[in-house]
Amino acid sequence: MLPLPGHDHLGRKVILGRWGVYDPQQVSVDDMNRASLMISDILAEEDEQTTITGSVFVGDSEGMTMAHIASFTPSLMKKSMVLWQEGYPMRPKGLHYINTPAAFDTVFNIFKSFMKEKMRKRVHIHGTDMESLYRHVPKSVLPVEYGGTNGTIEEITKYWIERLDARRDWLLEDEKYVVDESKRPGKAKTSAELFGLEGSFRKLNVD
């Protein structure tokens, strides 16, 4: 997850995801999610505008293999959707997917099954048609590698590594805070109630 500098023409933060750039044999999906959540915490704390005007996600699947896909269990997918839609004040306004492989639709149907109806209506699959993406996400906010003018992936990545390092103590302190469901008025919420899904693709039927 890589929040891009500035905001788009509607004042929204554009967030780039590049699922095929890491080696799933060397880096676990849990570590990837942990890094993404730390960046999300910093973004929510430092960029108030994003929590007001919302965010747009651009997911690049170039380089994605079956090893990457297999690491995203149905349980993990549901937890990701709950966090994205309800756990963070990011107000997602659009989900755009590019460079999607042949197996993308099958896997993405699982993701969509966990989305709220209004979120499903905000999904756009562009394939390799970048002009289609530009009609929703202007070049001015995209990195050079995506035909834009908003810095390079290397520069943006360096910025976020520096921000994570600068906020290290804050992140460690923030991790100490948890929800005490015993103090919730009414019925306490459990992990099973929120997520309620275990298993693997072998046991899951996809329409």
Side-chain angles (χ1 to χ4, degrees), residues 1-10 12-40 42-43 47 50 54-73 76-77 80-81 83-85 88 90 92-112 114-115 119-161 163-164:
M1 175 180 145
L2 199 63
L4 304 179
H7 302 84
D8 73 1
H9 59 300
L10 297 176
R12 305 170 302 183
K13 174 65 72 174
V14 177
I15 299 171
L16 177 64
R18 304 169 73 218
W19 299 311
V21 299
Y22 75 96
D23 183 350
Q25 304 301 322
Q26 301 293 326
V27 181
S28 73
V29 70
D30 287 337
D31 286 339
M32 292 294 295
N33 283 338
R34 188 177 183 84
S36 294
L37 291 175
M38 287 192 294
I39 291 173
S40 296
I42 294 174
L43 181 63
D47 190 340
T50 297
S55 59
V56 175
F57 181 77
V58 177
D60 182 2
S61 299
E62 184 173 6
M64 199 172 188
T65 66
M66 286 305 299
H68 291 95
I69 293 172
S71 65
F72 286 90
T73 64
L76 179 60
M77 288 182 179
S80 297
M81 283 295 99
L83 280 172
W84 181 250
Q85 294 178 112
Y88 277 86
M90 293 298 184
K93 298 297 184 180
L95 304 173
H96 299 268
Y97 298 91
I98 60 175
N99 299 318
T100 48
F104 181 83
D105 287 347
T106 299
V107 177
F108 192 67
N109 281 339
I110 303 172
F111 265 111
K112 287 179 68 174
F114 304 134
M115 290 181 182
M119 191 62 62
R120 293 178 190 174
K121 294 178 179 179
R122 296 173 181 175
V123 171
H124 303 270
I125 299 177
H126 304 281
T128 58
D129 187 352
M130 295 301 290
E131 292 300 325
S132 175
L133 175 67
Y134 299 151
R135 287 194 285 272
H136 300 270
V137 182
K139 292 183 180 181
S140 60
V141 77
L142 291 170
V144 172
E145 292 86 347
Y146 291 84
T149 57
N150 196 20
T152 66
I153 293 293
E154 182 179 1
E155 291 168 345
I156 300 168
T157 300
K158 182 175 182 291
Y159 168 81
W160 278 105
I161 290 174
R163 291 308 306 142
L164 286 167

Checklist entry - For Leu16 and Ile153, what are the C-alpha separation, side-chain angles and deciding distance, and is it a side chain to side chain contact (heavy atoms under 4.5 Å, CB included)? => result CA-CA 10 Å; Leu16 177 64; Ile153 293 293; 3.6 Å; yes
Checklist entry - Do the non-hydrogen side-chain atoms of Val123 and Tyr97 ever get within less than 4.5 Å of each other? => result yes
Checklist entry - Between Tyr146 and Asp60, is any side-chain donor less than 3.5 angstrom from a side-chain acceptor? => result yes
Checklist entry - Any side-chain heavy atom of Met130 within less than 4.5 Å of one from Leu133? => result yes
Checklist entry - Taking the side chain as C-beta and beyond, is there a heavy-atom pair between Asn150 and Leu142 under 4.5 Å? => result no
Checklist entry - Of all heavy-atom pairs between Gly59 and Trp19, which one has the smallest distance, and what is that distance? => result CA-CH2, 4.0 Å
Next on the checklist: When you measure from the side chain of Lys139 to the backbone of Tyr134, do you find a donor-acceptor pair of N or O atoms at a distance under 3.5 Å?
Outcome noted: no
Checklist entry - For the atom pair OG (Ser132) and CD1 (Ile98), what is the distance rounded to the nearest 0.5 Å? => result 10.5 Å
Item to check | Atom pair OG/CD1 of Ser61 and Ile125 - distance to nearest 0.5 Å | outcome: 9.0 Å
Next on the checklist: Using the side chain to side chain contact (heavy atoms under 4.5 Å, CB included) definition, which of the options Leu2, Thr152, Leu4 pairs with Pro143?
Outcome noted: Leu4
Item to check | Euclidean distance, His96 NE2 relative to Arg135 CZ, rounded to 0.5 Å | outcome: 11.5 Å
Item to check | Arg12 vs His7, side chain to side chain contact (heavy atoms under 4.5 Å, CB included): CA-CA, chis, key distance, verdict | outcome: CA-CA 5 Å; Arg12 305 170 302 183; His7 302 84; 5.9 Å; no
Checklist entry - Heavy-atom distance under 4.5 Å between the side chains of Ile39 and Pro3, does that happen here? => result yes
Item to check | Heavy-atom check, side chain of Met1 versus side chain of Leu37, under 4.5 Å | outcome: no
Checklist entry - Are there more than 12 heavy atoms of other residues, nucleotides or ligands under 6.0 Å from atom CZ of Arg34? => result no
Checklist entry - What heavy-atom pair brings Glu145 and Gly151 nearest, and what distance separates the two atoms? => result OE1-O, 4.3 Å
Next on the checklist: For a 4.5 angstrom cut-off between non-hydrogen side-chain atoms, does Val56 reach Asp8?
Outcome noted: yes
Checklist entry - Does a side chain donor of either Asp47 or Thr50 reach within less than 3.5 Å of an acceptor in the other side chain? => result yes
Next on the checklist: Can you give me the closest heavy-atom contact between Gly54 and Lys93, atom names plus distance?
Outcome noted: CA-CG, 4.2 Å
Checklist entry - Can you find a pair of side-chain heavy atoms, one from Ile156 and one from Pro5, that are under 4.5 Å apart? => result yes
Item to check | Aromatic plane relationship, His136 with His126 - under 30° parallel, 30 to 60° tilted, over 60° perpendicular | outcome: tilted
Item to check | Minimum side-chain heavy-atom gap Met115-Leu95 below 4.5 Å | outcome: yes
Checklist entry - Which pair of heavy atoms, one from Tyr22 and one from His68, lies closest together, and at what distance? => result O-NE2, 2.7 Å
Checklist entry - Which heavy atom in Gln25 sits nearest to a heavy atom in Ala67, and how many Å separate them? => result NE2-CB, 4.1 Å
Item to check | Residue pair Met64, Thr100: steps toward the side chain to side chain contact (heavy atoms under 4.5 Å, CB included) verdict | outcome: CA-CA 8 Å; Met64 199 172 188; Thr100 48; over 6 Å; no
Next on the checklist: side chain to side chain contact (heavy atoms under 4.5 Å, CB included) for Val27 and Met32? Distances and angles first, verdict last.
Outcome noted: CA-CA 7 Å; Val27 181; Met32 292 294 295; 3.8 Å; yes
